[in-house]
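Numbering of residues begins at 1 and proceeds along the displayed sequence. A quick note: this is a predicted structure, and the numbers were derived from the prediction, not measured.
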Amino acid sequence: RSAQSATADYRATLAEHANSWKDKKAVLEDEIEDYREKLGLTGRRRANQDATRPNDEEQRKLWTTAMEKKQDELADLQRDEVKDRRKLERGKWKSLRDRAEGAEYRAASGGYWRQSGFILGTMLLTLGLLVLAFIGDPGERKVCLVLITIIVFSLFVAGKAWGESVSSTLRDLIPANRR
């Protein structure tokens, strides 16, 4: 869960940053599109086209100048977005990215050690039951032999309880580029 949480935090931060810049760019793009419509540079026809198309050359120049200014602002905004993203990737986002990248491997490694501990524990339990089966009373011997039989066949012979799990954990520990 922590691996998924760390990855989700990093992706949410990236998406939030992209959306904030996208909103700013959308406002400028809408303003530029309005000027393009006023100047008749779009393929769309509006019902009141004659009312918005400038007949006066001076008005066309003002709208063209304003549109070019908005286009320059949009280009500056896009450059600022790239600079801001690079700065954040080297600063604040670096720890989030590192945590997200390492979380999956830490989870797989922790799973490996938990499984190893489980296997070692069942081996010790089996050994203890085996010792008790040899030195215990006849009733204890029967119970120990039944328990040993259950453990041996369910865990060690069939291996269904842990064999596939261990192999999948080992696959997870090997990075994708080394497979």
Between [X] and [Y], is there shared hydrophobic-cluster membership here, with clusters defined by ILVMFWY side-chain heavy atoms closer than 4.5 Å?
X	Y	result
Val152	Leu124	no
Ile148	Leu125	yes
Val143	Leu130	yes
Tyr35	Leu77	yes

| For the residue pair Thr122 and Ile119, what are the closest heavy atoms and their distance? |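 For Thr122 and Ile119, the tightest heavy-atom pair comes out as OG1-O, 2.8 Å.
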| query | Would Ile151 and Leu129 satisfy side-chain contact (heavy atoms from CB on, under 4.5 Å), going step by step from the backbone distance to the final call? | reply | CA-CA 10 Å; Ile151 291 171; Leu129 289 171; 3.9 Å; yes
| task | Decide yes or no on side-chain contact (heavy atoms from CB on, under 4.5 Å) for His17 and Asp84, but give the supporting numbers first. | result | CA-CA 9 Å; His17 180 265; Asp84 188 42; 2.9 Å; yes
Nearest-0.5 Å distance that lies between atom [atom1] in [X] and atom [atom2] in [Y]:
X	Y	atom1	atom2	value
Ile135	Arg141	CD1	CZ	9.5 Å
Glu140	Phe134	CD	CZ	14.5 Å
Glu57	Leu62	CD	CG	10.5 Å
Leu145	Ile150	CG	CD1	11.5 Å
Lys87	Lys92	NZ	NZ	8.0 Å
Asp30	Glu33	CG	CD	8.0 Å

| message | As a test of understanding, state which of Lys69, Glu73, Glu68 forms a side chain to side chain contact (heavy atoms under 4.5 Å, CB included) with Gln71. | response |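 By the side chain to side chain contact (heavy atoms under 4.5 Å, CB included) criterion, Gln71 pairs with just one of Lys69, Glu73, Glu68: Glu68.
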| Between Trp21 and Lys24, does a side-chain contact (heavy atoms from CB on, under 4.5 Å) hold up when you go through it step by step? | CA-CA 5 Å; Trp21 284 98; Lys24 294 174 187 176; 4.3 Å; yes
| field | Ion pair Glu81/Lys25, N-O distance below 4.0 Å | value |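 Answer for the salt bridge query: yes.
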| said: Can you confirm whether Ile32 sits close enough to Arg36 that some side-chain heavy atom of one is under 4.5 Å from a side-chain heavy atom of the other? | reply: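 They are in side-chain contact.
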